[in-house]
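Data first, discussion second: the structure below is written as structure tokens.
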Amino acid sequence: MGKYEALAKIIVKQVGGKENVNSLTNCITRLRFKLKDESKANTDVLKNTDGIVTVMQAGGQYQVVIGNHVPDVRQDVDTVLGVLEPEATSGTKVNLFDSFVDIISSIFQPILAPLSAAGMLKGLNAILSFALGAGFSGTSTYAIFNAMGDGLFLFLPIFIGYTAMKKFGGSPFLGMMIASSMVYKGFIDGSATKTFEAAGGMDFFGIPFSIPAAGYGSTVMPMIAAAALAAILEKQFKKVIPDVVKLFLVPFLTALIVIPLTFLIIGPVMNFAADGLGNGLLAILDFNPIIFGVIIGFGWQVLVMFGLHWALIPFVIMSLSQGIPTSLLTGATSVAMAQTGAVLGVLVKTKNDKLKELAIPAFISGIFGITEPAIYGITLPKKKPFWISCAVGGVTGAFAMGLGIKTQQMGGLGIFKYTSLIPKDGSMKNVIYAVILDIIAVIVAFALTYMIGFEDDAPTAKLTKEEAKLATTGKKIAVSERVEDDIFSPLVGEVLPLSDAGDAAFSEGLLGQGLVILPTIGEIKAPFDGVVMTLFPTKHAIGLISDKGTELLIHIGIDTVELEGQYYEACVTQGQAVKRGDKLITFDIAAIEAAGFNTQTPVIVTNSQTLSKIEMTDQLKVSTTDRLLTIGLANS
């Protein structure tokens, strides 16, 4: 055992013991556990343990942030764990709902902000239409606003193609290519079906297929399924296709297989499920309207997540086109407001600043009836608020059916649905009922979420001076009489503030102060004379110490440890002395980005708290001849 034996024993014990560990890896700064049950880990104890900076839970990993000396800690942790038996992973109980939540949340998380913005723009357009009168809807201004709000939703499969492929480990731009075929002109609105009707319908080399009347625009599940298949095929092709033709032949063959299968099998399967669901719900409506209201109110958000809510829309349109009011959507009358109330409960109760920041636009979008940001970004990941909103939606759905509320015409969502409830005689009865139910839904969902609670994200960690010292090697450096150390840029690129880093361990300053560089040339050079203190085996990160005592971490990309060294080449070895300007690491920017990873490179002074000052460049772009930081060294 090494000098971190005591810390290693504490870590293993507090993550739930060896029997709770499925696997362990590490990157340049943290131990990355995959635990059978994260609830068994004592996060608060670990956060307050000397030698641990903080704990982060993300992407199915339980991450214990240590600092630059994590390889030494890892060795002692491995000794404490011993050999993990194969059955330690094979016997893991899989929570299907948690797995589904992880997949959906990961896919939608990156697009929540634009989803919220689109929802707010749709709401703004509805406000303008109401304020300026019916004539506004025929203007080009209305059309532009409509495009701003509807565009993202219409082409949602393309966004899903990118994020889903990234989640499944495939090439995001290949996912976008596959999605683009689904929303191609004619396919996006189902008009291609009419075009080929005269020729006997649609087929692919004689194999018949169909496209839903509404097309694949705004759908979710067909693209997720297509991305999962594409990621599997892409990985297999990469293993067998020679490198000389791999760049273009892998996406060619993947697309050649996946796109036709999406039209022939994946899409029709989803259509079949939607048709079956629609007919089944109509049968329940005929049997008992109150039960129908409970089912629709409770399950509406689940239907939205799978895109199956479209199963009812054709029946709604057929009824309204004949001038017949319909109760098919009545059960979902206050679902958006229940979701909005749950988000408000999260917003008020959470102590995490980032979650609050995300909840605000989700709440605003929810008022306008756009609940995707609320579902995917807030309530579904937190689980309890999601089920609370479903339950409140079910109860209000039953009351709405009992009160006889009916949709009189196609209209807006959220607060703008009220105009669609006004019958030809101008009676406001339905509107009054709907407003009362909406108010009740918001209040009850808010109160239940606040009282029942949820697993909150940890408050933003504040690094103490002692914690910052522990994040470094723990080694005291005797500084020379010269009190300043000039740190030159280790690479060429655009300078960003550290707060822009795509990893909270960096953006929140947990590992020290510094900057982020978005590289334009894939080459790291020594920023000073010194020694290579740490070179991670995957070559995506390097720790240096200058001759004057500045300790620097250069982390090439975000979460790029997952590439396992692919696209990186080291030009130095650990312990090697280097001079400023020496080449340290080369990396392929295009290949890393094509693999779905962010190439932001944090440059962190890991012994920040022991220094008297850190002055940062005000340049927006730097080269390796530019001064990046000026360090003030405190006497030891």
Side-chain angles (χ1 to χ4, degrees), residues 23-34 58-61 63-75 77-78 84 165-172 174 231 234-244 246-247 250 490-491 493 501-503 505-506 511 516-526 531-544 552-576 578 582-604 606:
S23 64
L24 170 63
T25 57
N26 70 281
C27 60
I28 195 71
T29 60
R30 68 195 82 178
L31 298 169
R32 295 171 177 256
F33 289 93
K34 285 193 175 181
Q61 293 183 340
Q63 303 174 14
V64 181
V65 183
I66 302 293
N68 284 354
H69 57 297
V70 71
D72 297 328
V73 177
R74 166 71 190 276
Q75 288 181 4
V77 170
D78 281 341
L84 294 175
M165 281 291 278
K166 187 173 181 180
K167 171 63 179 176
F168 295 130
S171 300
L174 176 57
E234 184 186 28
K235 291 173 185 176
Q236 296 306 313
F237 284 138
K238 283 182 177 179
K239 292 179 181 178
V240 299
I241 294 177
D243 289 343
V244 68
K246 184 179 293 183
L247 182 64
V250 168
L491 68 170
D503 186 321
F506 298 118
L511 296 171
V516 172
I517 299 177
L518 191 60
T520 55
I521 297 177
E523 192 172 85
I524 301 291
K525 292 188 176 181
V531 175
V532 178
M533 186 167 57
T534 306
L535 178 62
F536 200 66
T538 55
K539 299 162 285 188
H540 76 289
I542 187 169
L544 306 168
L552 202 69
L553 168 64
I554 305 169
H555 195 286
I556 310 167
I558 303 300
D559 289 330
T560 44
V561 64
E562 297 177 15
L563 289 172
E564 299 181 345
Q566 192 177 14
Y567 312 128
Y568 293 88
E569 291 295 335
C571 305
V572 293
T573 58
Q574 188 164 306
Q576 180 177 331
V578 294
D582 286 353
K583 188 183 297 184
L584 305 179
I585 297 173
T586 60
F587 55 101
D588 190 331
I589 296 175
I592 293 170
E593 290 179 343
F597 291 88
N598 188 334
T599 55
Q600 286 183 342
T601 301
V603 180
I604 307 295
T606 54

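- When all heavy atoms are compared, the tightest approach of R74 to L24 is NH2-O, 3.2 Å.
- The closest side-chain heavy-atom distance from E234 to L174 is below 4.5 Å.
- Partners of K246 according to the side chain to side chain contact (heavy atoms under 4.5 Å, CB included) rule, which considers only residues two or more places apart in sequence or in another chain, are K238, I241, D243, V250.
- Using a 4.5 Å heavy-atom threshold, the side chains of I604 and H555 count as separate.
- Under the side-chain contact (heavy atoms from CB on, under 4.5 Å) test applied with V532, the options I542, T573, D582 reduce to a single match, I542.
- Side-chain contact check for L518 versus T599: some heavy-atom pair is nearer than 4.5 Å.
- Between P519 and I524 there is no side-chain heavy-atom pair separated by less than 4.5 Å.
- A distance of 11.5 Å separates CD1 of I558 from CD1 of I592, quoted to the nearest 0.5 Å.
- Here the closest heavy-atom approach between residue V603 and residue P490 is recorded as CG2-CG, 4.0 Å.
- Although no hydrogens or angles enter the test, the distance criterion places no donor-acceptor pair under 3.5 Å between the side chain of K539 and the main chain of A570.
- Shown here for L535 and A541, the closest heavy-atom pair between the two residues is CD1-O, 3.9 Å.
- At a threshold of 4.5 Å between non-hydrogen side-chain atoms, the residues T560 and Y567 do not count as touching.
- Between the side chain of Y568 and the main chain of I556, a donor-acceptor pair closer than 3.5 Å is present.
- Residues passing the side chain to side chain contact (heavy atoms under 4.5 Å, CB included) test with T520 are V492, sequence neighbours excluded.
- V561 has its side chain out of reach of R30: every pair of non-hydrogen atoms, C-beta onward, lies at least 4.5 Å apart.
- Among residues two or more places apart in sequence or in another chain, the side chain to side chain contact (heavy atoms under 4.5 Å, CB included) test is passed with E562 by D559, F597.
- Counted within 6.0 Å of CD on Q576, heavy atoms from surrounding residues, nucleotides or ligands total more than 12; the atom is thus considered enclosed.
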Identify every side-chain donor-acceptor pair in residues 583-591 under 3.5 Å, counting partners at least two apart or on other chains, and give the distances.
unit_1 : atom_1 : unit_2 : atom_2 : d
K583   : NZ     : E523   : OE2    : 3.3
D588   : OD1    : A590   : N      : 3.2
D588   : OD1    : A591   : N      : 3.1

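- Side chains of L552 and T606 form no contact here, defined as non-hydrogen atoms less than 4.5 Å apart.
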- Steps toward side-chain contact (heavy atoms from CB on, under 4.5 Å) verdict (L563, T538): CA-CA 8 Å; L563 289 172; T538 55; over 6 Å; no
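- Shown here are the side-chain hydrogen bond (donor to acceptor under 3.5 Å, both in side chains) partners of Q236, two or more places apart in sequence or in another chain: there are none.
- One N or O on the side chain of Q600 and one on the backbone of G502 form a donor-acceptor pair closer than 3.5 Å.
- Here the shortest heavy-atom pairing between A595 and P172 reads C-CD, 4.1 Å.
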